[in-house]
Amino acid sequence: MEKNKIYCMDCFEFLERLENNSVDLAVIDPPYNLKKAEWDTFESHQDFLNFTYKWIDALIPKLKNTASLYIFNTPYNSAYILNYLVNKKMKFRNWIVWDKRDGLAYSKNRYVNSQETILFFTKGDTYTFNRDDIRIPYESIERIEHARKKGILKNGKRWFPNAKGKLCGEIWHFSSERHKNKINGKTPKMPHVTPKPLDMIERIIKASSNKDDLVLDCFMGIGTTALACKKHSRNYIGCDNNSDFVSIANNRLSIFEEMI
Ligand SMILES: C[S@@+](CC[C@H](N)C(=O)[O-])C[C@H]1O[C@@H](n2cnc3c(N)ncnc32)[C@H](O)[C@@H]1O
C-alpha cells in the first residue's frame, strides 16, 4: 500500500491489506457509540465493543515492536479498551484526560461530560518518546525567573528550569473544534461532527514518532492526523469509509501544501 495516502475504504479491508510490522505510531480516533452520526451508532454497547475489539485485533499485528498506540474514546468505553489491550499484552503508559474546554452543555442530574480519554500504549518496552519536543510553558513565572538566575536547591542539587518549559502531564487542555468554531455561543454546521484539534494531534506526533516514521490512522475523518504528519515530516497512511470526508481531508492537505 502507498504511504502518504488516505484510502476510501472500510477499516477492516484496509488493515487486512496493510503490511504487518510496518507502523511506528497509530493515532486512532474511532466511533464512540455516542450516536452523533450514523457511523457512530451501534445497536448495543456489546455490538460497539465487538466492533472495537475486532479493529484492535486487526491493528496490533501492523505495529512494529517499537510502536506506540493512542486511542481516543469516552472514559467509560476506555475502561473496556484498556482492559482488552492489557489482555493482548500491550503495555499501558498513560490515561490522558483531554479537557475539551467545552463544558457548557446542559446536564441535569450528573456532572457535565467535559473530558475524553486518550489511552497511550506501546507494543514493547523500547519506544520513541520525545519528551523535550512537547514541553509546555511553566506557570509560576516569578519562581521560574528566580530559579533561572540562581537555581533552586532540590535534594542537595541546584535545579535550573528547562528553556523549553516543563514536562507535559496527563491532563491536556485543548479547546474542541466545536467550541473554537462557536459564534455567539452556537456552533455552525461543521464538515465533520467530531474532528480533533490539530494542535493536540501534533503533540502526539511530536512525542511518539520521529521524522520519516510511518503513522497510521484507520478512522481518518477529515484528515487531522495526516495534516499533523505533513507539518512535521512524518509519513502517514490511513482510511475512512466516507468518501466526502476523504475528499475534505485531501483538500486540507492540498491547501497546506500550497502554503509551504
Ligand atoms: C471520530 S471520527 C475521526 C475524526 C478525525 N480524527 C478527524 O479529526 O477528522 C471517526 C471516523 O471513522 C469513520 N468510520 C467509522 N466506521 C468506519 C469503518 N468501519 N471503516 C473506516 N472508517 C470508519 C467515520 O466516517 C468517521 O469519519
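Start at 1 and go down the list; that is how both ligands and their atoms are numbered. All residue numbers in this chain count up from 1 along the given sequence.
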Please could you name the atoms of ligand 1 that [X] approaches to less than 4.0 Å, counting only its heavy atoms?
X	result
P31	15 (C)
D29	1 (C), 2 (S), 3 (C), 4 (C), 5 (C), 6 (N), 10 (C)
P30	1 (C)
F245	25 (O), 27 (O)
T194	1 (C), 2 (S), 4 (C)
M9	21 (C)
K196	6 (N), 7 (C), 8 (O)

Using 4.0 Å as the upper bound for N to carboxylate O, is an ion pair formed by K206 and D132?
-> no

Do D24 and K64 sit within salt-bridge range, that is, some charged N less than 4.0 Å from a carboxylate O?
-> yes

Would you check if M90 and L63 make a side-chain contact, meaning some heavy-atom pair closer than 4.5 Å?
-> yes

Under 30°, 30 to 60°, or over 60°: which ring-plane class applies to Y7 and F14, parallel, tilted or perpendicular?
-> tilted

Just say parallel, tilted or perpendicular for the rings of W39 and H192, cut-offs at 30° and 60°.
-> tilted

Heavy-atom distances under 4.0 Å are what count here, so tell me which part of A37 touches ligand 1: side chain, backbone, both or neither.
-> neither

Is it the side chain (CB and beyond), the backbone, both or neither of H192 that lies under 4.0 Å from ligand 1, heavy atoms counted?
-> side chain

Within the distance-only criterion (no hydrogens, no angle test), does the side chain of N77 pair as donor or acceptor with the backbone N or O of Y32 below 3.5 angstrom?
-> yes

Regarding K157 and the six-membered ring of W159, is the cationic atom NZ or CZ under 6.0 Å from the ring centre and inside 45° of its axis?
-> no

Out of [options], who gets a non-hydrogen atom closest to [atom]?
atom	options	answer
atom 18 (C) of ligand 1	N241, T224, I28	N241
atom 25 (O) of ligand 1	N242, L227, D240	D240
atom 12 (O) of ligand 1	F72, Y7, F219, F51	F219

Give a yes-or-no answer on whether the side chains of [X] and [Y] include a donor-acceptor pair shorter than 3.5 Å.
X	Y	value
K62	N20	yes
N130	N210	yes
Y84	D57	yes

Which residue supplies the protein heavy atom nearest to [atom], what is that atom called, and how far is it?
atom	result
atom 20 (N) of ligand 1	C11 N, 2.9 Å
atom 9 (O) of ligand 1	I222 N, 2.9 Å
atom 19 (N) of ligand 1	D10 OD1, 3.0 Å

